[in-house]
**Q** 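Below you'll find the structure I mean.
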Amino acid sequence: MNDPKSKSEDEEHVAPTNFIHKIIEEDIAAGKNDGRVHTRFPPEPNGYLHIGHAKSICLNFGLAEQFGGKCNLRFDDTNPVKEEEEFVHSIREDVKWLGFDWADREFYASDYFGQLYEWAIKLIKDGKAYVEDLSADEIREYRGTLSEPGKNSPHRDRPVEENLDLFARMKKGEFPDGAKVLRAKIDMASPNLNFRDPVLYRILHAEHHRTGGEWCIYPMYDWAHGQSDSIEGITHSICTLEFEDHRPLYDWCLDTLGVYHPRQYEFARLNITYTVLSKRKLLQLVTEKIVNGWDDPRMPTISGFRRRGFTAAAIRDFCDRIGVARANSTVDLALLEFCLREELNKTAPRVMAVLKPLKIVLTNYPEDQVEQLEAENNPEQPEAGSRQIPFSRELYIEQEDFMEDPPKKFFRLAPGKEVRLKHAYIIKCEEVVKNDAGEITELRCVYIPETKSGQANAGMKVKGTLHWVSAPHAYETQVRLYDNLFSEIEPDKIEIPGSLNPNSLEVLADCKLEPSLKDAKAGDRFQFLRMGYFIADVKDSQPGAPIFNRTTPLRDTWAKVQKKG
RNA sequence: UGGGGCGUCGUCAAGUGGCUAAGACACUGGAUUUUGAUUCCAGCAUUCGGAGGUUCGAGUCCUCCCGCCCCAGCCA
């Protein structure tokens, strides 16, 4: 169904280089870590992975591959109230689908809860941490502001023995949620807010998806992340820009503990035009049922793209092309579409499907005759061979391929005009049949026998070639057309109802597809000639009754010409 | 506002003082085409947020200014 490595075998494929790549090269040259390269991808299992994560996955696993190193998959599961097992399953599946392998190195921050607790005790004993009784609101007040220093908590100088006792009782479950926290004792006047006695542990009487009820105190990100990196022997801990201000604290924890010290590097997170990538908004789309789940084909999640028909290779290619830098940026959605089409053009078999049918009758074609015509499967891939498609007196063409009163550059069918039917004959439109409401119901045409596909055209030339399907042989099914979920170019900057595209989903009930498509398997991809790339939906297709999703339309310069007028 | 970052073509992005500032996407022509697709060919930053300065030479170094992003969770 999917060959995750097909594209990277391209001889023209160039391994991406970026500032982190260079840092690693320099580190190796300087003999750091004995030349070892070990990265990690550390998602919190509180939602599905999206294409922004794909950038991080490609970076971390890609760097490890390029330098002959390793990359761990680590679930950063320190907040049980937000995390679920469903999310760890989907994350594993998505990373795998993207084509990366973490072998037996699947870890969890929760694996280290015991060690983290011991380290916290060491910190208390060293007089570098204390138990805080202040409420969350009070802590905020004491913290000061961006421009004013904070002030010390009245509990800051609690004796070590008292801290040890209180922290042990926190762990035992003697206090309710929010009653106490453990704080590092650093500097309440630091210009870096993260240094103003950061909270290390909070009390959460919550069921953890892995440790169950074993713990009721949980470490904060800052107390868990660096140490997890250290324990796993990570050499380069790569994260996004918003963690930059946490780096001094990352370093402080490791140095204070005196343990192995990985180095943190930050890069700019991905933004794409017309796409929402904030977890909060993605969750909102799902919970408010604006979309049908995390894998709705309109979602920018890995599972959404997969169901939409994107290939892993196209997503990886995209991640390689966008680069890795420290400047905030928004990548044009057109680049993702380009990567997709570039691959699908080479690999997707061509078939014919009429999505909005208009019946035509060839008045000079014998009533009972059926011809089997030869059609190539993929002009980009001659070895893909050809197949037979039935041709008969009654056919369907696309409604938009006929105009009663066409503009000058319209190359398709019109009264008295001729076009070629792909793989078949040139036809001429002689009569337009309408119902009482004046709507076109049928076209009566003649076919020109000498113009059969493959033969000399009997001196005829036509500008247009249309796709078609034989009416009595057609496989009728549902096809879904998808468009951007948002009509705003930067929807992350606008609250949700306002930015939505009301036409992001169009369900077409009675599409007419060439008969071979009846046997398409769930997950099979095709190019519907002139209409775009489609995939047999993995969830809603039945054996012998596939339903199709449009992955993306073909480039359409005619539409652009029309728009210009 | 204190701190931390970032500003090179419409969009990403190379560039680490010295050939006429890579490449890709997008866009604009034109050729081929039984997909208005694909493919091909051509065009597309005298200038690097701005102003000064150092230098034989500056996108790259210095100074000042401007703009944008991140931080005041017991989220990550």
Side-chain angles (χ1 to χ4, degrees), chain A residues 14 17-18 22 42-44 46 76-79 81-83 109 132 134-136 139-141 143-150 177-183 189-196 198-204 217-218 220-222 224-225 239-248 266 268 273 279 321-339 341-342 345-346 350 352 376 379-380 409-412 419-424 426 451 453-454 457 461-467 527-532 553-562:
Chain A
V14 178
T17 177
N18 54 59
K22 268 170 206 144
E44 181 188 15
N46 68 344
D76 216 344
D77 56 350
T78 56
N79 185 0
V81 305
K82 286 191 174 176
E83 297 150 8
E132 174 66 274
L134 255 28
S135 71
I139 287 176
R140 188 182 319 118
E141 282 169 32
R143 182 151 37 220
T145 66
L146 293 178
S147 48
E148 305 157 33
D177 289 4
K180 294 186 181 346
V181 292
L182 183 73
R183 290 230 253 172
S190 174
N192 182 344
L193 268 24
N194 295 124
F195 265 40
R196 322 250 261 227
V199 172
L200 266 24
Y201 270 94
R202 75 285 220 190
I203 300 171
L204 248 29
I217 56 172
Y218 291 91
M220 297 287 290
Y221 167 86
D222 288 308
H225 204 92
C239 62
T240 43
L241 246 26
E242 66 270 25
F243 291 100
E244 203 170 3
D245 290 343
H246 290 250
R247 191 189 336 132
E266 310 87 17
T273 54
K279 218 157 202 177
R321 286 171 183 264
I322 58 178
V324 177
R326 290 176 61 89
N328 290 314
S329 61
T330 301
V331 177
D332 195 338
L333 216 209
L335 180 60
L336 214 207
E337 292 172 343
F338 168 83
C339 295
R341 292 192 182 111
E342 186 180 52
N345 174 51
K346 289 180 193 148
R350 271 58 168 178
M352 295 202 288
E376 64 183 343
E380 303 289 321
K409 290 268 174 118
F410 189 76
F411 300 155
R412 285 113 100 143
V419 292
R420 170 167 290 283
L421 296 181
K422 179 81 178 175
H423 306 307
I426 289 176
T451 61
S453 186
N457 281 0
K461 262 188 203 156
V462 288
K463 276 281 205 169
T465 300
L466 311 184
H467 62 281
Q527 183 194 110
F528 288 4
L529 233 51
R530 303 208 303 137
M531 300 309 282
L554 260 26
R555 277 188 72 224
D556 189 354
T557 47
W558 167 239
K560 275 177 201 156
V561 171
Q562 269 181 314

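Order of the sequence lines fixes the chain letters, A, B, ..., with proteins taken first and strands second; residue numbering starts at 1 for each chain.
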**Q** Between B:G36 and A:R412, counting only base atoms on the nucleotide and side-chain atoms on the residue, is there a donor-acceptor pair under 3.5 Å?
**A**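 By the distance-only test, yes, there is a pair.
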
**Q** Please state the P separation for the pair B:A13 and B:U54 - nearest whole angstrom.
**A**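 Here B:A13 and B:U54 have their P atoms 34 Å from each other.
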
**Q** Looking at every strand, decide which applies to A:H467 at a 4.0 Å heavy-atom threshold: base, sugar-phosphate, or nothing.
**A**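 Here A:H467 touches no strand at all.
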
**Q** Is the backbone N or O of A:L333 less than 3.5 Å from a side-chain atom of A:T273, with the two atoms forming a donor-acceptor pair by type?
**A**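 Such a contact is found between A:T273 side chain and A:L333 backbone.
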
**Q** Strictly by Watson-Crick or wobble contacts shorter than 3.5 Å, is anything paired with B:G18, and which nucleotide is it?
**A**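 Matched B:G18 with B:C56 under the 3.5 Å cut-off.
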
**Q** OP1 or OP2 of B:A76 sitting under 4.0 Å from any side-chain N/O of A:R202?
**A**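 Answer yes for this pair, as a side-chain N or O of A:R202 is under 4.0 Å from OP1 or OP2.
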
**Q** Rounded to whole angstrom units, what separation is found between the CG atom of A:L182 and the P atom of B:C74?
**A**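 One finds 13 Å between P of B:C74 and CG of A:L182, rounded.
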
**Q** What integer distance in Å separates A:R326:CZ from B:A13:P?
**A**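 Value for this atom pair: 13 Å.
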
**Q** When we call it a touch if two heavy atoms are under 4.0 Å apart, what does A:S453 touch: a base, just sugar-phosphate, or nothing?
**A**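 Touches a base.
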
**Q** Classify the nucleic acid contact of A:L335 as base, sugar-phosphate or nothing, counting any heavy atom under 4.0 Å across all strands shown.
**A**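 It contacts sugar-phosphate atoms only.
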
**Q** Between A:N192 (side chain only) and A:D245 (backbone N and O only), is there a donor and an acceptor less than 3.5 Å apart?
**A**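 Checked: pair present.
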
**Q** Describe the nucleic acid contact of A:Q527 in one word from base, sugar-phosphate, nothing, applying a heavy-atom distance below 4.0 Å.
**A**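 If one applies the 4.0 Å heavy-atom cut-off, A:Q527 turns out to touch a base.
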
**Q** Would you say B:G36 has OP1 or OP2 under 4.0 Å from some side-chain N or O of A:K560?
**A**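 So the side chain of A:K560 is outside the cut-off, no N or O lying under 4.0 Å from OP1 or OP2 of B:G36.
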
**Q** Test side chain to side chain contact (heavy atoms under 4.5 Å, CB included) on A:R341 and A:Q527; report intermediate values, then the result.
**A** CA-CA 10 Å; A:R341 292 192 182 111; A:Q527 183 194 110; over 6 Å; no

**Q** Would one find a side-chain N or O of A:R143 under 4.0 angstrom from OP1 or OP2 of B:G73?
**A**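 Checking B:G73 against A:R143, a side-chain N or O does come within under 4.0 Å of OP1 or OP2.
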
**Q** Okay, side chain of A:R202, backbone of A:G178: is any donor-acceptor separation there less than 3.5 Å?
**A**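 Judged by distance alone, no pair lies under 3.5 Å.
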
**Q** Check every strand shown and say whether A:N345 touches a base, only sugar-phosphate, or nothing at a heavy-atom separation below 4.0 Å.
**A**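 Here A:N345 touches the backbone only, sparing every base.
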
**Q** How would you label the contact of A:F528 with the nucleic acid (heavy atoms, under 4.0 Å): base, sugar-phosphate, or nothing?
**A**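 If one applies the 4.0 Å heavy-atom cut-off, A:F528 turns out to touch nothing in the nucleic acid.
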
**Q** Rounded to the Å, how far apart are A:L241 CG and B:C69 P?
**A**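 One finds 13 Å between P of B:C69 and CG of A:L241, rounded.
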
**Q** Do A:R530 and B:U35 share a donor-acceptor pair, side chain to base, under 3.5 Å?
**A**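 Counting by modelled atom types and ignoring angles, no donor-acceptor contact under 3.5 Å is found here.
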
**Q** Nearest to the side chain of A:M220, which nucleotide is it out of B:C74, B:U35, B:A26?
**A**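 Out of B:C74, B:U35, B:A26, the nucleotide with an atom closest to A:M220's side chain is B:C74.
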
**Q** At under 4.0 Å, does any side-chain N or O of A:T273 touch on OP1 or OP2 of B:U11?
**A**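 No, A:T273 has no side-chain N/O under 4.0 Å of OP1/OP2 on B:U11.
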
**Q** Would A:F411 pass as stacked on B:G36, i.e. its ring centre under 5.5 Å from the base's six-membered ring centre and planes under 30° apart?
**A**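 Aromatic stack with B:G36 present for A:F411.
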
**Q** Under the 3.5 Å rule, do the base of B:U39 and the side chain of A:E380 count as making a donor-acceptor pair?
**A**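 Counting by modelled atom types and ignoring angles, no donor-acceptor contact under 3.5 Å is found here.
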
**Q** Looking only at N and O atoms, is any donor in the side chain of A:T465 or the base of B:U34 less than 3.5 Å from an acceptor on the other one?
**A**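 Donor-acceptor pair under 3.5 Å: no.
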
**Q** Suppose we define a pair by two distances each less than 3.5 Å, Watson-Crick or G-U wobble; what does B:U34 pair with here?
**A**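 Matched B:U34 with nothing under the 3.5 Å cut-off.
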
**Q** Out of B:A72, B:C70, B:C69, which has the shortest distance to the side chain of A:N328?
**A**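 Looking only at side-chain atoms, A:N328 lies closest to B:C69.
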
**Q** Mind checking A:V324 for me? I need base, sugar-phosphate or nothing, with any heavy atom below 4.0 Å counting as a touch.
**A**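 Answer is sugar-phosphate: A:V324 comes under 4.0 Å of backbone atoms only.
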
**Q** Show your working on side chain to side chain contact (heavy atoms under 4.5 Å, CB included) between A:N79 and A:N46 and close with a plain yes or no.
**A** CA-CA 9 Å; A:N79 185 0; A:N46 68 344; over 6 Å; no

**Q** Output, in order, the C-alpha distance, side-chain angles, deciding distance and verdict of salt bridge (Lys or Arg N to Asp or Glu O under 4.0 Å) for A:E342 and A:R321.
**A** CA-CA 13 Å; A:E342 186 180 52; A:R321 286 171 183 264; 3.4 Å; yes

**Q** Between A:E148 (CD) and B:U1 (P), how many Å, whole number?
**A**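 Value for this atom pair: 14 Å.
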
**Q** What contact category does A:L134 fall into here, base, sugar-phosphate, or nothing, at under 4.0 angstrom with non-hydrogen atoms?
**A**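 Answer is base: heavy atoms of A:L134 come under 4.0 Å of a base.
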
**Q** Where does B:G73 land, syn or anti, once you apply the within-90°-of-0 test for syn?
**A**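 Syn conformation here, the glycosidic angle of B:G73 being no more than 90° from 0.
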
**Q** If the condition is salt bridge (charged side-chain N to carboxylate O under 4.0 Å, His left out), which residues does A:R247 pass it with, not counting sequence neighbours?
**A**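 Residues passing salt bridge (charged side-chain N to carboxylate O under 4.0 Å, His left out) with A:R247: A:E266.
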
**Q** Roughly how many Å is it from CG in A:N194 to P in B:C74, rounded to a whole number?
**A**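 So the two atoms are 11 Å apart, to the nearest Å.
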
**Q** Salt-bridge test for A:R326 and A:E244: reply yes if a basic N is under 4.0 Å from a carboxylate O, no otherwise.
**A**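 Yes, charged N to carboxylate O under 4.0 Å.
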
**Q** Are any of A:R140's side-chain N or O atoms less than 4.0 Å away from OP1 or OP2 of B:G73?
**A**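 Yes, A:R140 has a side-chain N/O under 4.0 Å of OP1/OP2 on B:G73.
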
**Q** Check whether any side-chain N or O of A:T145 sits under 4.0 Å from OP1 or OP2 of B:G2, and answer yes or no.
**A**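 Negative; the distance criterion is not met.
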
**Q** Atom CG of A:D332 to atom C1' of B:A24: distance rounded to whole Å?
**A**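 After rounding, the gap between these two atoms is 12 Å.
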
**Q** Between B:U11 and B:C44, how far apart are the C1' atoms? Round to whole Å, please.
**A**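 Taking atom C1' in both B:C44 and B:U11, they lie 14 Å apart.
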
**Q** Could you check whether A:K409 gets within reach of a base, just the sugar-phosphate, or nothing at all, counting any heavy atom under 4.0 Å?
**A**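 A:K409: base contact, heavy atoms under 4.0 Å.
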
**Q** Does B:G4 have its OP1 or OP2 closer than 4.0 Å to a side-chain nitrogen or oxygen of A:R247?
**A**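 So the side chain of A:R247 is outside the cut-off, no N or O lying under 4.0 Å from OP1 or OP2 of B:G4.
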
**Q** Tell me if a side-chain donor or acceptor on A:T451 pairs with a main-chain N or O of A:I426 at a distance below 3.5 Å.
**A**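 It does hold such a pair.
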
**Q** Between A:P379 and A:S135, name the one whose nearest nucleotide on RNA chain B is closer to the 5' end.
**A**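 Of the two residues, A:P379 wins.
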
**Q** Watson-Crick or G-U wobble partner for B:G43, using a 3.5 Å limit on both distances?
**A**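 In the structure as shown, B:G43 has B:C27 as its Watson-Crick or wobble partner.
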
**Q** So does A:R341 reach the base of B:U38 with its side chain, donor to acceptor, closer than 3.5 Å?
**A**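 No such pair is found, so the answer is no.
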
**Q** Is A:H225 touching bases, backbone alone, or none of the nucleic acid, heavy atoms closer than 4.0 Å?
**A**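 The residue A:H225 makes no contact with any strand.
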
**Q** Within the structure shown, what part of the strands sits under 4.0 Å from A:A327 by heavy-atom distance: base, sugar-phosphate, or nothing?
**A**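 It contacts sugar-phosphate atoms only.
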
**Q** Taking the same atom, P, in B:G17 and in B:A58, what whole-Å distance lies between them?
**A**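 Approximately 14 Å lies between the P atom of B:G17 and that of B:A58.
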
**Q** Could you check whether the side chain of A:N192 and the base of B:G4 have a donor-acceptor pair of N or O atoms closer than 3.5 Å, going by distance alone?
**A**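 Under the 3.5 Å cut-off, the side chain and the base do not form any donor-acceptor pair.
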
**Q** When rounded to the nearest Å, what value does the distance between C1' atoms of B:C12 and B:A45 take?
**A**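 It comes out at 15 Å once rounded to the nearest Å.
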
**Q** Indicate the ring-plane relationship of A:H246 and A:Y221, choosing parallel, tilted or perpendicular according to the 30° and 60° boundaries.
**A**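 If you compare the ring of A:H246 with that of A:Y221, the planes turn out perpendicular.
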
**Q** Can you measure A:E342 atom CD to B:C25 atom P for me and round it to whole angstrom units?
**A**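 These atoms are roughly 8 Å apart.
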
**Q** Using a 4.0 Å heavy-atom cut-off across all strands, classify A:S190 as base, sugar-phosphate, or nothing.
**A**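 If one applies the 4.0 Å heavy-atom cut-off, A:S190 turns out to touch nothing in the nucleic acid.
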
**Q** Looking at A:R350, I'd like to know whether one of its side-chain N or O atoms comes within less than 4.0 Å of OP1 or OP2 on B:U34.
**A**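 For B:U34, OP1/OP2 do not have a side-chain N/O of A:R350 under 4.0 Å.
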
**Q** Give A:M531 one of three labels, base, sugar-phosphate or nothing, depending on what nucleic acid heavy atoms sit under 4.0 Å from its own.
**A**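 It contacts nothing in the nucleic acid.
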
**Q** So which one's nearest nucleotide on RNA chain B is more toward 5', A:A334 or A:E376?
**A**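 The answer here is A:A334.
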
**Q** Has A:Y221 got its ring stacked on B:A76, by the test of a centre gap below 5.5 Å and a plane angle below 30°?
**A**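 One would not call A:Y221 stacked on the B:A76 base.
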
**Q** Taking the side chain of A:T557 as its heavy atoms from C-beta onward, which of B:C71, B:G36, B:U34 lies nearest to it?
**A**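 Nearest nucleotide to the side chain: B:G36.
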
**Q** With sugar-phosphate meaning primed atoms plus P, OP1 and OP2, does A:I322 contact a base, only sugar-phosphate, or nothing at under 4.0 Å between heavy atoms?
**A**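 Sugar-phosphate contact only.
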
